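In what follows, a single structure is set out as structure tokens and then discussed.
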Amino acid sequence: QVQLVESGGGSVQAGGSLRLSCAASGYIFTWNNCMGWFRQVPGKEREGVAAIATNFGNTGYGDSVKGRFTISKDNAKNTVSLQMNSLNSEDTAMYYCALDPSCANILHGTATAPKYRGQGTQVTVSS
């Protein structure tokens, strides 16, 4: 049974930084899959934020966060982290950790939900 547990959300002023972490259990990082983050605001479609291939570490980012967010993984700890810098009010959302066979589905898919996701952690950026 795969479980994903997020941590690190909170409130920050515009221009600040936050670091999100996702701890995965029941899953081995060297398997050929993808982990990442998407975010969602009530009433809007989910938006892919970042993704990383669990075997080779290839990364991808949503256009709105490129250059500001960095995703990384720690195979030994079975964790994926998202460093978020230069936050602005448009980054306010619920952030979900996701696991899926496809990084493209985490980053760009809207019709098909990721195979696994966590409960989410709220990020609020005030101006």
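In this text the structure is predicted, and so the values were computed from the model without any measurement.
- A continuous path of ILVMFWY side-chain contacts below 4.5 Å connects M35 to V2, so both sit in one hydrophobic cluster.
- With no hydrogens or angles considered, no side-chain donor-acceptor pair links R19 and S7 at under 3.5 Å.
- Considering only heavy atoms from C-beta on, D100 stays 4.5 Å or farther from Y116 through its side chain.
- Put simply, OG on S81 and CH2 on W37 are 7.5 Å apart, with the number rounded to the nearest 0.5 Å.
- Shortest non-hydrogen contact noted between I106 and G36 is CD1-N, 3.8 Å.
- Side chains of N85 and S17: a donor-acceptor N/O pair is present below 3.5 angstrom, by distance only.
- Put simply, CG on L82 and CD on E6 are 11.5 Å apart, with the number rounded to the nearest 0.5 Å.
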Worked verdict on I52 versus V80 for side chain to side chain contact (heavy atoms under 4.5 Å, CB included): CA-CA 9 Å; I52 186 166; V80 172; 4.3 Å; yes
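- Closest of all the heavy-atom pairs between P101 and N33 is CA-OD1, 3.0 Å.
- To the nearest 0.5 Å, atoms OG1 (T124) and CE (M94) are separated by 8.5 Å.
- The two residues K66 and Y61 have their closest heavy-atom pair at CE-O, 3.4 Å.
- The OG atom of S102 sits 8.5 Å away from the CG atom of L107 when rounded to the nearest 0.5 Å.
- Here the NE2-CZ distance, from H108 to R46, works out to 11.0 Å after rounding to the nearest 0.5 Å.
- Annotation for K73 and A53: closest pair CE-O, 3.4 Å, computed over non-hydrogen atoms.
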Verdict with reasoning, T92 to V41, per side chain to side chain contact (heavy atoms under 4.5 Å, CB included): CA-CA 8 Å; T92 295; V41 174; over 6 Å; no
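- Checked against M84 for a side chain to side chain contact (heavy atoms under 4.5 Å, CB included), the options L18, V65, T70 give a single hit: L18.
- Listed by first then second residue, pairs satisfying disulfide bond (SG atoms under 2.5 Å apart) with a partner in residues 54-98 read C22-C97, not counting sequence neighbours.
- Ion pair D91/R68 flagged as a salt bridge, since at least one NZ, NE, NH1 or NH2 atom sits closer than 4.0 Å to an Asp/Glu carboxylate oxygen.
- Of all non-hydrogen atoms in Q40 and E45, the two that sit nearest each other are NE2-C, 3.9 Å.
- Between S127 and A14, the shortest heavy-atom contact is CA-CB, 4.1 Å.
- F38 CZ to E47 CD: the interatomic distance, rounded to the nearest 0.5 Å, is 11.5 Å.
- With 3.5 Å as the limit, one finds no donor-acceptor pair spanning the side chains of S64 and E90.
- Around CD of Q122, the count of heavy atoms belonging to other residues, nucleotides or ligands within 6.0 Å exceeds 12.
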